[in-house]
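So you know, we letter chains A, B, ... as the sequences are listed, proteins then strands, and number each from 1.
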Number of protein chains: 2
Amino acid sequence: MEIGRPYSRLLLRLERLNALSLDDKQRLIDLPLKIANYSADAEVVSHGDSSSRCTLVLGGFLYSHKSIATSRRQITSFFVPGDVADLSSFYLSKVEHGISALGPTVVAFVPHSSLTEVLDRSPGLARAFWRETLMQAAISQEWIVNLGRRDAIARIAHILCELTARLQMVGLARDLAFSVPWTQMDVADASGISQVHANRVIQELRQLGLVEWDSKHVRIKDWDSLVRLASFDSDYLQSSVEADL
Amino acid sequence: MEIGRPYSRLLLRLERLNALSLDDKQRLIDLPLKIANYSADAEVVSHGDSSSRCTLVLGGFLYSHKSIATSRRQITSFFVPGDVADLSSFYLSKVEHGISALGPTVVAFVPHSSLTEVLDRSPGLARAFWRETLMQAAISQEWIVNLGRRDAIARIAHILCELTARLQMVGLARDLAFSVPWTQMDVADASGISQVHANRVIQELRQLGLVEWDSKHVRIKDWDSLVRLASFDSDYLQSSVEADL
DNA sequence: CGCCGTGTTGATCTCACTCAAGTGCGGTGG
DNA sequence: CCACCGCACTTGAGTGAGATCAACACGGCG
């Protein structure tokens, strides 16, 4: 699970948008980190914590979530290998949502102090991380549209499209197939629908011949139709590499 | 409309979280800017634009929005005086949503080049702006929960609570009353519901004695009940100052 | 073996949508 | 000064997507 080169996937993504100098890369790679393992549904960061470290996903998945009084939790984002799940902890005093492991997950903790030091020294890295924050914000915007204006089947289709695209960026969705240790309940909580309805929608996606999906393993059979159903436009993931600032 | 001291409200907010040095404040105030006026529904930044400037709201309101094929637009955020509406344009090549004026609005454009120069020179300001990005991201997370897990009346109540709190931070919601030049259609598009239903929900809020609301002017009559109805928890706005409310 | 978590199915209910019509007000032009 | 227009708001009726409740099936695990 990439323990040998923990920063490789993060680098892959940071560099997609802007080249980093060799020095900057080295500074990043030299950051001290502490590896930790979590099992399914373990809480990595609790709502209200004031953390002194950032959490980099090495293997597996994290998700952030928040719940309100009477209803089920809402999952507000997924984090895939190479993502930093709590960049917000770096400058905001409290984390305003819980972060948990979707399944068995390997993470690396980086102390804020080391990060501050490196970022103060390197404007290039500071920019890269800020840009990372902006990209996560763009994903949130897209989720707002997803929850506000798509019906259930399009919502789930959109989540699949996004996850596929994000996993492809870090080399984890070859042939449009990938493994996620989620349950239909997790999918429901990310889509803002009930578990029962998620089940019916997933069956429909299967019957339409769009995906093979046995809970943990997803294989997209008809990418174009899925994209059309979801009105998925990958631009917000900044995946096209024509950007040159 | 604060033309004389265009940065005062932004400063007010930036300083709420972390003091800025006198030098930094001066650097901010000295940034060159170009004032512009927009009328209701005018588009300030178009989807797909690659902008070379940031947009600071001086008076009035902006909102960002995105629409997908078959449905109405979804409003993804509101921007009040003192907010920078397109911080993302600073580091992402394209803006992934439209930004428009809610009603007559005064904005100031700041060239990216000047901003880059200032931020490279001042780590304190760079931090402050990054933190600003993080706060906007926290608001987006909250909107995700709002759209995913609240029913119509709680959604609208939550939007009212958030707007009240944010306007109070910049001194624009004294006595829990404020003016927003929105229509019920705008409220519907922010809540992910239909205009007809928004109308019925707003009537219900009035009948419950929670608000006086004649479209452009909102006065909260029963803050505590509104907060309870919305499950509003202002922590995510980093507004440690609840005594204000 | 029995339990629990996950997935599946059916029946019923309800919140919110759509369609359609009507009201009221502010602005504009005759 | 009034008639008209257009936009925002309001109301009613019928419909529908998705929620809730309640079983049941299946497989892994203690």
Practice task
Write down the distance between CG (B:D189) and P (D:dA8), rounded to a whole number of angstrom.
Solution key: 12 Å

Handout entry: Shortest non-hydrogen contact from A:M135 toward A:L237
Key = SD-O, 3.6 Å

Practice task
Would you list the pairs meeting ring pair (Phe, Tyr, Trp, His ring centres under 6.0 Å) in which at least one residue belongs to residues 37-63 of chain A, sequence neighbours left out?
Solution key: A:Y63-A:H65

Exercise for the section: Estimate the overall bend of the helix from C:dC1-D:dG30 to C:dG30-D:dC1 from the end axes over five pairs each, rounded to 10 degrees. Expected result: 30°

Exercise for the section: Measure from CG on A:N199 to C1' on D:dA25 and round the result to the nearest Å. Expected result: 12 Å

Fill in the blank from the handout: Under a 4.0 Å heavy-atom criterion, DNA chain C is touched by chain B from C:dA16 to C:dC19

Problem - Carboxylate-amine/guanidinium contact A:E204 A:R200, below 4.0 Å - result: no

Handout entry: side-chain contact (heavy atoms from CB on, under 4.5 Å) partners of A:S225, counting only residues at least two apart
Key = A:L210, A:D222, A:R228

Exercise for the section: Check whether the side chains of B:E96 and B:S88 place a donor and an acceptor atom closer than 3.5 Å, and report yes or no. Expected result: no

Problem - Whole-Å distance separating the CD1 atom of B:I156 from the C1' atom of D:dC9 - result: 14 Å

Handout entry: Pair A:Q203-A:N199, side-chain donor/acceptor within less than 3.5 Å
Key = yes

Practice task
Rounded off to whole Å, could you give me the CG-to-C1' distance for the B:L205 and D:dC9 pair?
Solution key: 16 Å

Practice task
Tell me which residues in residues 176-186 of chain A put a heavy atom below 4.0 Å from DNA chain C, sorted by number, or none.
Solution key: A:T183, A:Q184

Exercise for the section: Round to the nearest Å and state the distance from B:Q203 atom CD to D:dC9 atom P. Expected result: 11 Å

Exercise for the section: Report yes if at least one side-chain N or O of B:R206 is closer than 4.0 Å to OP1 or OP2 of D:dT10; otherwise report no. Expected result: yes

Handout entry: Non-hydrogen atoms of A:A177 and A:H217 that approach each other most closely
Key = CB-NE2, 4.2 Å

Practice task
Measure the distance from CZ on A:R150 to P on D:dA17 and round it to the nearest whole Å.
Solution key: 18 Å

Practice task
May I ask you to say whether B:R73 pairs ionically with B:D186, meaning some side-chain N is under 4.0 Å from a carboxylate O?
Solution key: yes

Practice task
Check the pair A:R155 / A:E142 against salt bridge (Lys or Arg N to Asp or Glu O under 4.0 Å), numbers first and verdict last.
Solution key: CA-CA 11 Å; A:R155 284 188 206 179; A:E142 202 62 35; over 6 Å; no

Practice task
Inspect the contact between A:D189 and B:R149 and indicate whether a charged nitrogen and a carboxylate oxygen are less than 4.0 angstrom apart.
Solution key: yes

Exercise for the section: Would you tell me whether A:S100 and A:D41 have side-chain atoms, one donor and one acceptor, within less than 3.5 Å of each other? Expected result: no

Exercise for the section: Before accepting this row, confirm whether a basic side-chain N of the pair A:R13/A:D83 lies closer than 4.0 Å to the acidic partner's carboxylate O. Expected result: yes

Completion exercise
Atom CZ of A:R200 and atom C1' of D:dA19 are separated, to the nearest Å, by 10 Å

Problem - Distance, rounded to the nearest Å, where A:K216 contributes NZ and D:dC26 contributes C1' - result: 14 Å

Practice task
Verify the distance criterion only: is there a donor paired with an acceptor across the side chains of B:Q136 and B:T133 at less than 3.5 Å?
Solution key: no

Handout entry: Crowding at CG, B:D175 (>12 non-hydrogen neighbours, <6.0 Å)
Key = no

Completion exercise
Under a 4.0 Å heavy-atom cutoff, the residues of residues 190-197 of chain A touching DNA chain D are A:G192, A:I193, A:S194, A:V196, A:H197

